[in-house]
Amino acid sequence: MPTHQSAVISRRMFLGAFVATLSLIGAQSRAADENPFVFIAGYNNMVTCFELNAATGEMKELSRSDCGKAPTYMSWHPSRKFMYAANEISPGMITAYSIDPKNGTLKLLNEVSAGGDGPCHILVHPDGKWVFTASYGSGHIGIAPINADGTLGTPLEPIHGGKNAHQVALDASGKFLLVPFLGNNHVNQYKFDEASGQLTPNDPPFAPASAEKAGPRHIVIHPSGKFAYVINEQGSTVDSFEYDKSKGLLSNPQSIPTVPEGTDMKGKSTAHILVSPDGKFVYGSNRGHDSIVIYAVNPDTGRLKFVGHETGGGDIKTPRDFSLDLTGKFAIVANQAAENITVFKRDEAKGTLEKIGTYAVPPKTAYVGVMAKP
């Protein structure tokens, strides 16, 4: 028989565990309901921070930061305390900023060389110790260390990977880097050493596009780690690849168009590609056609089936970049030719998009990113 004292202790332990559980549930609920920051940047030198209402999709502007030197693409530190911008100039630069947790204002920390001309994409490693850039003008891949205080250290020797590097993409492990080279019509495949920051070519060193002159631009890896999707700028197609996550290798591409058959391709090109958090749908942006193309994903093969196009009733104009929110409920499209962004509600069952709002931003918008608040 338990003593009175042991019974009291047991009750206290139970109550303590119960309260702790309630606190954890409450914290998780608050995190899920937290309204994230949305950062908008481009060729206008101004970075705008909005707050996205996680329930309704409404946006509220919080701040504007003068970041200078064409910060056309950005990536934040996993701590969400620091932001890094690729300054698409020649010679290219990377700038580091601290993020104000209240309103998203950016404060300059320092800047270093991007290691090439015209860096058009930037990505922070999941460990928060390295940042990568892709320089379109010179075809270089830049690597710079990140210090504990968020500043950038001395960059490593850049790697010349080919012609027109357009994006730097890491898989979930952080051990493999994939870089679409538009001018070479293939995706370079690298192994990454987190300790030294060194990149070495994988075997094979690249994966060709499915057709000549396709022009690989951006890539996204499926949440399962089994498939990857490359949007081709010149061919207005998407290549679906099989992906070996144990080796970091792409194979067996299959192509699907991003615009209707018979479309006059003059002035048409693609830009960005994303997969929904649940892995059921893939989205790509069409410039010239001014639409977001929607595909359903075959869960067994990863192959794509066309669902439809969304134009926002004509609001979408040169969609250079777009993003999904943290839950996948909303899509935000940066309209480079319209000086605004358009927000859509996403039907999570059908994959379709419904316009719910358009918001003015500075001209020549090229980037939109959704970040959980610090």
Side-chain angles (χ1 to χ4, degrees), residues 28 31-32 34 36 38 52 54 75-76 78 80 121 123-128 132 167-180 187 189-192 194 202 207 216-232 238-256 258 270-285 292-307 310 321-333 344-353 368-372:
Q28 291 173 338
E34 183 78 20
V38 179
L52 174 69
S75 183
W76 54 82
R80 303 191 300 279
H121 196 268
L123 183 66
V124 175
H125 191 276
D127 68 8
F132 306 87
Q167 185 198 25
V168 276
L170 287 160
D171 74 351
S173 73
K175 296 179 180 179
F176 302 106
L177 186 76
L178 302 171
V179 184
V187 179
Q189 305 176 134
Y190 297 95
K191 298 177 182 179
F192 178 64
E194 297 177 40
N202 211 332
R217 179 184 170 96
H218 279 195
I219 183 172
V220 65
I221 298 175
H222 191 272
S224 69
K226 297 179 179 179
F227 319 115
Y229 305 96
V230 175
I231 195 162
N232 298 307
V238 169
D239 285 346
S240 60
F241 285 86
E242 295 174 6
Y243 182 67
D244 186 336
K245 61 183 178 181
S246 67
K247 297 180 179 179
L249 298 175
L250 301 165
S251 64
N252 195 22
Q254 187 177 91
S255 180
I256 187 171
T258 66
T270 65
H272 191 48
I273 189 166
L274 290 174
V275 60
S276 60
D278 59 15
K280 294 181 179 180
F281 299 95
V282 166
Y283 300 84
S285 59
I292 301 296
V293 63
I294 307 165
Y295 307 102
V297 177
N298 183 310
D300 297 320
T301 66
R303 299 309 189 189
L304 302 179
K305 180 181 179 181
F306 174 74
V307 172
E310 178 58 51
D321 195 44
F322 67 100
S323 186
L324 299 177
D325 78 313
L326 306 175
T327 65
K329 293 180 181 178
F330 305 105
I332 305 163
V333 179
F344 297 85
K345 183 178 181 180
R346 193 175 75 89
D347 187 312
E348 297 178 64
K350 299 178 181 178
T352 52
L353 303 174
V368 53
V370 184
M371 186 193 85

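This structure is a prediction, so every number in the text was calculated from the model and none was measured.
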Pair V333, I292 - check side-chain contact (heavy atoms from CB on, under 4.5 Å), show working.
CA-CA 9 Å; V333 179; I292 301 296; 4.1 Å; yes
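- Annotation: the span from K245 atom NZ to E242 atom CD amounts to 14.0 Å, rounded to 0.5 Å.
- The nearest pair of heavy atoms linking P36 to L326 is CB-CD1, 4.0 Å.
- Proximity of W76 to M371: side-chain heavy atoms (C-beta onward) are separated by under 4.5 Å at one or more points.
- In plain terms, the two heavy atoms of A207 and L250 that are nearest each other are CB-CB, 3.8 Å.
- In this structure, the side chain of D171 does not engage the main chain of G225 through any donor-acceptor pair within 3.5 Å.
- Aromatic pair Y295/Y229: centroids not less than 6.0 angstrom apart.
- Between the side chain of N202 and the main chain of Q189, no donor-acceptor pair closer than 3.5 Å is present.
- Nearest heavy-atom pair, L170 versus P126, reported as atom, atom and distance to 0.1 Å: CD1-CD, 3.8 Å.
- In terms of modelled atom types and a separation under 3.5 Å, the side chain of Y283 and the main chain of A331 share no donor-acceptor contact.
- Side-chain contact between I332 and F322: absent, with no pair of heavy atoms (C-beta onward) separated by less than 4.5 Å.
- I221 has its side chain within reach of L178: a pair of non-hydrogen atoms, C-beta onward, lies under 4.5 Å apart.
- D244 contributes atom CG, which lies 12.0 Å from atom NZ of K226 (distance to the nearest 0.5 angstrom).
- Side-chain contact between I273 and I219 is absent, with no heavy atoms from C-beta onward closer than 4.5 Å.
- Side-chain atoms of T352 never come within 3.5 Å of backbone atoms of D347 as a donor-acceptor pair (strictly under, hydrogens ignored).
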Walk me through it: do H125 and E194 pass the test side-chain contact (heavy atoms from CB on, under 4.5 Å)?
CA-CA 9 Å; H125 191 276; E194 297 177 40; 3.6 Å; yes
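- To the nearest 0.5 Å, atoms CD (E34) and OG1 (T327) are separated by 13.0 Å.
- Among all heavy-atom pairs drawn from N298 and D300, the shortest one is OD1-N, 2.8 Å.
- P180 places none of its side-chain heavy atoms less than 4.5 Å from the side chain of R217.
- A 4.5 Å side-chain heavy-atom check between L249 and F176 finds every atom pair outside the cut-off.
- Each of R303, H222, Q254 was scored for a side chain to side chain donor-acceptor pair (under 3.5 Å) with S240, with one residue passing: R303.
- Between H272 and H218, the ring planes lie perpendicular to each other; the angle is over 60°, past the 30° to 60° tilted range.
- Residues S276 and P223 share a closest heavy-atom pair of O-CG, 3.9 Å.
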Before giving the answer on side-chain contact (heavy atoms from CB on, under 4.5 Å), spell out for V187 and V179 the whole-Å C-alpha distance, their side-chain angles and the decisive distance to 0.1 Å.
CA-CA 5 Å; V187 179; V179 184; 5.7 Å; no
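- With rounding to the nearest 0.5 angstrom, the CG atom of L274 is 8.5 Å from the OG atom of S285.
- Side-chain contact between V124 and P78: present, with at least one pair of heavy atoms (C-beta onward) separated by less than 4.5 Å.
- Here the CD1-CG distance, from I294 to L353, works out to 4.5 Å after rounding to the nearest 0.5 Å.
- Considering every non-hydrogen atom in both V282 and V275, the closest pair reads CG2-CG2, 4.0 Å.
- No side-chain heavy atom of F330 sits less than 4.5 Å from a side-chain heavy atom of R346.
- Note that OH of Y243 is 11.5 Å distant from OG of S224, once rounded to the nearest 0.5 Å.
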Would F281 and V297 count as a side-chain contact (heavy atoms from CB on, under 4.5 Å) if you check the C-alpha gap in whole Å, the side-chain angles of each, and the deciding distance to 0.1 Å?
CA-CA 5 Å; F281 299 95; V297 177; 5.6 Å; no
